[in-house]
Amino acid sequence: MRPRPRRLRTTPAMRSMVQETGYTAGNLVLPMFVREGIAEPEPIASMPGVYQHTLESLVREARRAVDAGVGGIMLFGVPEKHDATGSAGVDPNGILNVGLRALRDELGDEAVIIADLCLDEFTDHGHCGVLAADGTVDNDATLEIYREMAVVQAKSGAHMLGLSGMMDGQVAACRDALDEAGYPNVSILAYSAKYASAYYGPFREAVDSQLKGDRRTYQMDVANRTEGLREALLDIEEGADVVMVKPAGSYLDVLSDVAQTSTVPVAAYQVSGEYAMIEAAAERGWLDRERTIAESVAAIARAGATIICTYWATELAERMKSV
Ligand code: PBG
């Protein structure tokens, strides 16, 4: 009569039957980059297999992802010109908005089209907001621009806006702007617990980031757990439809806290550095690439994420199909 947990691991069918958590392709979101002024897709050196896309390759790869079953596409824009206020972000003909229209034209409602709503890709100083005279990031002046971006992105066909700037009050500001402009059904994914992380390193190359310095006055201190939950609860109160924890793999404790308490779906973003580490180790033959990818994403689902943003979304979805 001694306990024998191994009984439930004896066959693949037994293991499958007792599996507690998992995810479907529909839970996966593929982050993509569209770059202005290039004729061919541009590989991102620190993210092997990930590209800055032309409009044409963006649409083609998004179509491939969605045909594999991927649930959402999250789009980032890489403009040719940067300026102090990130004006390319609010320009309806700015690359991100053009890209959103192209995706919506191709995909309609087949996938959730998510727009990155932040200024860092567009500003010449690389911060996620505009600067005050003293050089600090001006929270409330930034909210005014976010409001404009929200409306332009909704007009361009986004189903959901990914608010990644970590400005206080950004969810309420964008919700109001959307409602006032007649977009009550465009939803908000709030990057609620977004940490000032070194794991974003490769992403900075991906979006040609102009940043000098760091984002520690607005992104969270990596040592803080309770504050992650606080940020998520504030965003829910402000009207967020989805709250997110980012990065994912090194923040599963925060993800678990948020998932246990949240009344809205919880997302997690497996970021560029998480991708790069596994790809690099696999390239050297130090890790089994497929198994490590699967394990890293399974752990994020186990910690409580319903929605998982990962650069491996298409590959994972295609793998599920071929099983
Ligand atoms: C900023 C933003 C970042 C990422 C997504 N949105 C970088 C940052 O805050 O510096 C990182 C994503 C990744 O590393 O994959 N708008």
Side-chain angles (χ1 to χ4, degrees), residues 28-34 44-52 72-79 82 86 88-90 94-96 114-130 137 142-143 145-146 149-150 153 158 160-167 170-171 174 188-222 231 242 244-251 267-280 293 296-297 300 305 307-313:
L28 300 176
V29 170
L30 176 67
M32 298 185 79
F33 306 100
V34 61
I44 300 164
S46 50
M47 301 176 75
V50 181
Y51 294 82
Q52 294 177 329
I73 305 288
M74 173 180 274
L75 189 62
F76 296 90
V78 188
H82 303 78
V90 296
I95 186 64
L96 176 56
I114 308 171
D116 181 59
L117 198 161
C118 190
L119 282 178
D120 68 312
E121 292 101 287
F122 303 105
T123 52
D124 54 13
H125 44 75
H127 277 293
C128 296
V130 288
V137 175
T142 301
L143 294 187
I145 303 179
Y146 283 3
M149 278 183 96
Q153 293 180 346
M160 184 180 266
L161 310 184
L163 274 50
S164 65
M166 285 300 277
M167 294 300 123
Q170 61 183 10
V171 172
C174 290
I188 291 178
L189 179 160
Y191 286 57
S192 301
K194 178 173 178 184
Y195 287 85
S197 171
Y199 289 102
Y200 307 147
F203 177 93
R204 306 255 165 104
E205 179 195 344
V207 299
D208 187 21
S209 171
Q210 312 291 308
L211 183 71
K212 291 175 197 71
D214 61 58
R215 306 197 198 288
R216 289 183 199 177
T217 68
Y218 44 106
Q219 296 182 347
M220 288 177 51
D221 185 331
V222 302
E231 286 276 10
V242 177
M244 186 151 79
V245 174
K246 175 184 175 189
S250 294
Y251 296 83
Y269 194 143
Q270 184 177 51
V271 301
S272 56
E274 299 178 75
Y275 178 91
M277 286 192 302
I278 293 177
E279 290 288 351
I293 292 170
S296 69
V297 177
I300 295 166
I307 301 162
I308 301 171
C309 303
T310 172
Y311 299 98
W312 288 304

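In this text the structure is predicted, and so the values were computed from the model without any measurement. Note that ligands are numbered from 1 as they come in the structure, with each ligand's atoms numbered from 1 the same way.
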- prompt: Is it the case that Lys194 places NZ or CZ above or below the six-membered ring of Tyr200, under 6.0 angstrom from the centre and within 45 degrees of the axis?
  reply: yes
task: Output the list of atoms in ligand 1 that are nearer than 4.0 Å to some heavy atom of Tyr269, sorted by atom number.
output: 12 (C), 15 (O)
field: For atom 12 (C) of ligand 1, the protein heavy atom that lies nearest, with its residue and separation
entry: Phe203 CD1, 3.2 Å
query: How close does the nearest protein non-hydrogen atom get to atom 2 (C) of ligand 1, and which residue and atom is it?
result: Lys194 NZ, 3.1 Å
- request: Report yes if the side chains of Arg215 and Met166 come closer than 4.5 Å at any heavy-atom pair, otherwise no.
  value: no
message: Whether the side chain of Tyr218 engages the backbone of Cys128 through a donor-acceptor N/O pair (distance < 3.5 Å, no angle test) should be reported.
response: yes
- request: Write out the residue and atom name of the closest protein heavy atom to atom 10 (O) of ligand 1, then the distance separating them to 0.1 Å.
  value: Arg204 NH2, 2.6 Å
message: Suppose I only count heavy atoms of Gln219 and a 4.0 Å limit; which atoms of ligand 1 are within that range?
response: 8 (C), 9 (O)
- prompt: For atom 6 (N) of ligand 1, what's the nearest protein heavy atom and its distance?
  reply: Lys246 NZ, 3.2 Å
- line: Note: ligand 1 atoms sitting under 4.0 Å from heavy atoms of Cys118 are 16 (N)
task: Rounded to the nearest 0.5 Å, what's the gap from OH on Tyr311 to CD on Gln270? Could you check?
output: 10.0 Å
query: Applying a strict 4.0 Å limit to heavy atoms, is Tyr275 in contact with ligand 1?
result: no
- prompt: Quick one: does Glu274's side chain have a donor or acceptor within less than 3.5 Å of a partner on Ala248's backbone?
  reply: yes
field: For Tyr311, the ligand 1 atoms whose distance to one of its heavy atoms is below 4.0 Å
entry: 12 (C), 13 (C), 15 (O)
- prompt: Between Val137 and Met167, what is the shortest heavy-atom contact and its length?
  reply: CG1-CE, 3.6 Å
- prompt: Less than 4.5 Å apart, any side-chain heavy atom of Phe33 and any of Phe203?
  reply: yes
message: Could you tell me, atom by atom, which parts of ligand 1 come under 4.0 Å of a heavy atom of Asp120?
response: 1 (C), 16 (N)
- request: Say whether Tyr191, considering both its backbone and side-chain N or O atoms, lies within less than 3.5 Å of an N or O atom on ligand 1.
  value: no
query: So, Gln52 side chain and Ala206 main chain: donor-acceptor pair closer than 3.5 Å or not?
result: yes
message: Tell me the protein heavy atom at minimum distance from atom 14 (O) of ligand 1, and give that distance in Å.
response: Ser272 OG, 2.6 Å
- prompt: Can you tell me how far CG of Leu117 sits from CG of Leu163, rounded to the nearest 0.5 angstrom?
  reply: 5.0 Å
statement: Taking only non-hydrogen atoms of Arg215 and a 4.0 Å limit, the atoms of ligand 1 in range are 8 (C), 9 (O), 10 (O)
